[in-house]
Amino acid sequence: MLFLLILFCWGPAILTFGQVWPLYGTPRKTVTLSSYGGHVFQEEGVWNYSTMLLREDMGVLILGARGTIFALDLNKIIHKKAMVKWEVIPSTQENCLMRGKNLETECQNYIRILHKMPDGRMYVCGTNAFNPTCDYMSYTDGNLSLENNQHEGRGKCPFDPFQGYASELVDGKLYSATYINFLGSESAVMRSLNGNIRTDDISSWLRDPSFVGMKHVAEGEENPEGDDDKIYIFFNEAAMEYDPYNKLDVSRVARVCKGDLGGLLALARKWTTFLKARLDCPVPQTRLPFLIQDVFLFCPGNWNTCVFYGVFTPQMSMLQYSAVCTYKIQDIREVFSKGKFKTVVNVDSFTKWVKSEEDIPDPRPGACINNDARQKEFLTSLNLPVKTLQFVRDRPLMDQAVEPSSQQPLLVKKGAAFTSIVVASTTALDGSIHQVMFIGTASGSVLKAVNYNGETVIIEEVQLFAHSEPVKILRLSTTVGQLYAGSEVAAVQMPLSACGHYTSCMDCVLARDPYCGWDLISNSCVAINSLHPNTHSQVIQSLRDGNPSRCPAVESPKTIKFFYPGNVVSLLCEPGSNLAQVQWHVNGHPVEQNNVYEIQHNRLLLLNATESNAGHYICTSVETSKGEDYIIQTATYELKLQDLVEDSLGQPLVQEQQKIFIALIVIVILLTLVLLALVVWTLYKGYCAIPSCSNSIEERPQCSNMMQKWGSIERVQQMN
Ligand SMILES: *[C@@H]1O[C@H](CO)[C@@H](O)[C@H](O)[C@H]1NC(C)=O
Ligand SMILES: *[C@@H]1O[C@H](CO)[C@@H](O)[C@H](O)[C@H]1NC(C)=O
């Protein structure tokens with residue numbers, strides 16, 4: 001624990017002087033988890049905290065790790081309320097080992113599926129040493145217990161703990177996307193618990209997929225056309241639409257309808273509504289498609305306001321860019337319900353997928369059963385005509401790709417790869433509503449970013465884990481207002497904002513954090529009460545403009561510093577933020593880096609101070625916001641040459657003299673001690689040489705009496 005905390009305590013990223021301005025995708029602040037008010041949960045001997053289920057109804061976070069499931073207090077995850085072990089039994093483990101898998105990493109039970117059932121119980125599955133197994137679990141009276149009703153988890157949960165997977169539990173049925181065999185060669189998207197429906201195993205449906213996420217959109221509740229709920233599946237797979245000589249991966253969004261019961265003949269017990277489209281996230285100046293790593297469904301209102309937020313990384317790892325793209329549900333829907341299909345043609349000896357110009361049968365292939373279909377007496381997918389079924393079975397891929405909102409990424413950042421994302425919504429001081437992205441990275445941090453009218457600002461980066469521990473999972477509780485993150489080594493909790501760490505008005509306002517504003521009365525950066533934003537009459541917030549001009553002027557402390565010729569003098573000046581640039585002036589002239597002055601990111605060094613360097617030094621931290629420069633912090637120094645004759649203040653000289661004086665005293669004492677020791681030693685030698693010494697017999701009884709007395713006192717003390 002302490003070790004982790006120490007790891008978290010790292011300074012802000014070092015900015016070298018003269019960097020290109022403004023910095024692209026730099027978080028304005030770099031913060032530690034502890035200064036953000038976060039908590040770390042870790043159980044001795046337990047690893048891989050990578051599955052989470054929020055049970056806001058029970059006030060607990062269900063956390064799945066290797067061989068263990070925890071119920072943690074949602075408000076403070078360090079309070080472990082219950083836990084249950086689910087480890088692999090020896091015979092299963094032996095079998096796994098015999099089949100060539102690694103005992104420590106692979107032949108373990110990694111909890112992968114955790115869902116709430118309609119009756120309040122939970123459905124849980126684990127890899128169980130390459131033998132996926134599921135069970136029911138309940139949390140009652142503070143007890144977390146598995147029902148020991150273990151059953152086959154094949155198709156629901158991966159065999160291989162290192163393989164991607166996705167799942168959702170809707171109306172008591174489990175939708176899952178995973179590899180379904182030991183070898184990890186066969187994949188499927190399926191629905192189970194009460195009758196199975198799955199993808200066909202022809203390669204045009206899924207081609208070496210790696211599953212990323214699955215989301216349910218309850219469209220059926222309010223669709224005017226009587227359309228059905230959809231389950232959206234996000235994954236990457238080998239492209240089929242490009243030149244077959246280049247093995248290229250692409251991101252996909254696929255969807256199935258909740259009411260799909262499968263079709264007839266070749267599509268018996270297979271989806272009749274499985275359609276997929278390419279999901280583009282075009283990052284400028286890159287050629288190969290970026291690949292999706294995680295997805296978050298954000299719905300501010302009913303289903304047609306929903307937006308998917310995806311994080312993307314390049315397929316060639318040399319490029320260190322990550323991106324966030326957003327997709328409107330309406331845009332995705334449009335592609336599936338109105339778009340053209342791709343069809344396969346044979347060109348020479350290979351096949352090619354091209355836009356299909358064939359007539360599209362009616363009912364439309366892949367469409368859910370809606371009012372229109374019902375009117376035509378197609379009441380379930382089992383009634384669909386073979387023509388429709390055959391068409392969709394052979395053409396699961398849409399011709400058109402799904403493009404991100406505004407045709408471009410919301411955020412592109414160089415640095416550690418993005419791994420995960422959640423999005424919260426908050427109301428600012430002026431009543432405007434903002435979506436705040438929390439993005440997990442491969443270097444164990446979370447970025448907090450907001451888009452204001454097309455401009456995305458990264459407010460801060462909070463370091464949650466050691467730099468070598470990627471964020472594996474992120475969950476957001478809007479009711480508790482907390483973020484939960486898991487890595488292989490620990491789980492953490494952090495609040496969505498920590499306004500208190502902004503110490504000045506400039507800092508607080510320039511942060512452009514919709515959760516925070518500067519209170520002129522209390523002189524502090526306070527949390528905006530998003531339920532009653534207008535209760536803050538004296539609070540400054542400037543989110544879109546980043547304009548702190550209403551802030552009171554900053555006062556700068558002045559320090560007097562003395563030096564001797566030839567000294568190295570260090571004048572401190574923290575930049576105040578990662579975006580601020582420090583400027584030094586001496587007697588009104590800018591200080592330039594040369595053989596006298598060394599400008600470092602948080603200080604100015606005078607390497608060989610001379611009389612001519614005395615003067616008035618001012619350091620200003622300047623941050624540019626919306627094209628305006630703001631001085632967020634200043635430090636003033638009066639540098640004076642130490643006068644050797646008129647030693648008026650002479651603090652350093654006195655100290656120097658004191659040091660010499662103390663050193664002299666120490667030497668004198670040491671010498672005296674040595675002398676004394678010598679005297680005693682000679683005396684002792686001399687004493688023994690005196691013959692009367694061996695004669696003093698009388699003294700011995702006295703001595704032993706004394707010993708006895710001491711002994712008795714000691715015993716009395718012990719008795720007491
Ligand atoms: C589980 O955690 C350990 C320790 O960090 C790590 O070595 C291992 O790769 C993890 N296993 C999986 C399946 O991620
Ligand atoms: C919780 O579980 C423990 C151990 O299995 C058991 O002794 C205890 O009675 C249970 N408590 C309740 C309230 O069910």
Side-chain angles (χ1 to χ4, degrees), residues 1-8 33 40-53 62-70 72 77 83 85-88 92-93 95-97 99-114 124-134 153-154 156-167 176-184 187 209-213 235-236 293-294 311 313 317 416-420 440-445 463-475 484-492:
M1 189 79 167
L2 193 66
F3 170 68
L4 274 175
L5 283 179
I6 290 167
L7 282 175
F8 295 153
L33 180 67
V40 183
F41 173 81
Q42 207 177 18
E43 175 91 1
E44 189 75 37
V46 179
W47 303 91
N48 315 96
Y49 301 84
S50 48
T51 315
M52 287 179 179
L53 171 67
I62 307 292
L63 174 64
R66 182 162 76 187
T68 317
I69 305 154
F70 301 94
L72 309 175
I77 62 163
M83 68 180 265
K85 286 265 172 199
W86 183 5
E87 283 165 337
V88 185
T92 310
Q93 204 158 42
N95 194 13
C96 175
L97 204 60
R99 296 176 80 174
K101 300 295 173 188
N102 181 295
L103 179 68
E104 285 308 312
T105 57
E106 296 172 306
C107 301
Q108 301 282 335
N109 191 21
Y110 293 90
I111 305 302
R112 285 290 179 259
I113 307 279
L114 275 175
V124 45
C125 307
T127 58
N128 197 31
F130 269 74
N131 176 32
T133 307
C134 299
R154 173 192 292 255
K156 302 170 184 169
C157 174
F159 284 70
D160 185 343
F162 292 100
Q163 253 165 4
Y165 63 96
S167 66
S176 53
T178 184
Y179 280 84
I180 61 171
N181 61 345
F182 183 90
L183 292 176
S187 59
S210 109
F211 297 105
V212 165
F235 58 104
N236 300 300
Q293 304 302 325
D294 191 26
V311 289
T313 56
S317 54
F418 294 173
T419 59
S420 43
T441 74
S443 64
S445 66
Q463 193 67 34
L464 307 179
F465 305 108
H467 287 256
S468 58
E469 291 302 334
V471 173
K472 285 284 158 118
I473 185 168
L474 273 185
R475 287 287 182 266
Y484 306 90
S487 72
E488 305 298 9
V489 296
V492 307

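Nothing here was measured: the structure is a model prediction, and the numbers come from that model. Just so you know, ligand 1 is whichever comes first in the structure, and atom 1 is the first atom listed for that ligand.
- Residue Q93 holds its CD atom at 13.0 Å from CZ of F130, rounded to the nearest 0.5 Å.
- Annotation: atom 10 (C) of ligand 1 to nearest protein heavy atom, N48 ND2, 2.4 Å.
- The distance from the OG1 atom of T105 to the CG atom of D160 is 9.0 Å, given to the nearest 0.5 Å.
- Against a heavy-atom cut-off of under 4.0 Å, P161 is close to the following atoms of ligand 1: 13 (C).
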Apply the test ring-ring contact (aromatic ring centres under 6.0 Å, His included) to residues F211 and F235: give CA-CA distance (whole Å), side-chain angles for both, the deciding distance (0.1 Å), then the verdict. CA-CA 4 Å; F211 297 105; F235 58 104; 5.7 Å; yes

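- Checked by atom type, the side-chain pair K85/T68 shows a donor-acceptor distance below 3.5 Å.
- To the nearest 0.5 Å, the span separating OG on S50 from CD1 on I473 amounts to 7.0 Å.
- Checked against a 3.5 angstrom limit, the closest N/O atoms of W47 and ligand 1 fall outside it.
- Of the N or O atoms in R112, none lie within a sub-3.5 Å distance of an N or O in ligand 1.
- The protein non-hydrogen atom at the shortest distance from atom 14 (O) of ligand 1 is E488 OE2, 2.9 Å.
- Atoms of ligand 1 found under 4.0 Å from any heavy atom of Y110, numbered from 1 in the order shown, are 11 (N), 12 (C), 13 (C).
- The aromatic rings of F70 and F41 stand perpendicular to each other, their planes meeting at an angle above 60°, with 30° marking the opposite boundary.
- Taking a distance limit of 4.0 Å, we find that atom 2 (O) of ligand 1 is approached by some protein heavy atom.
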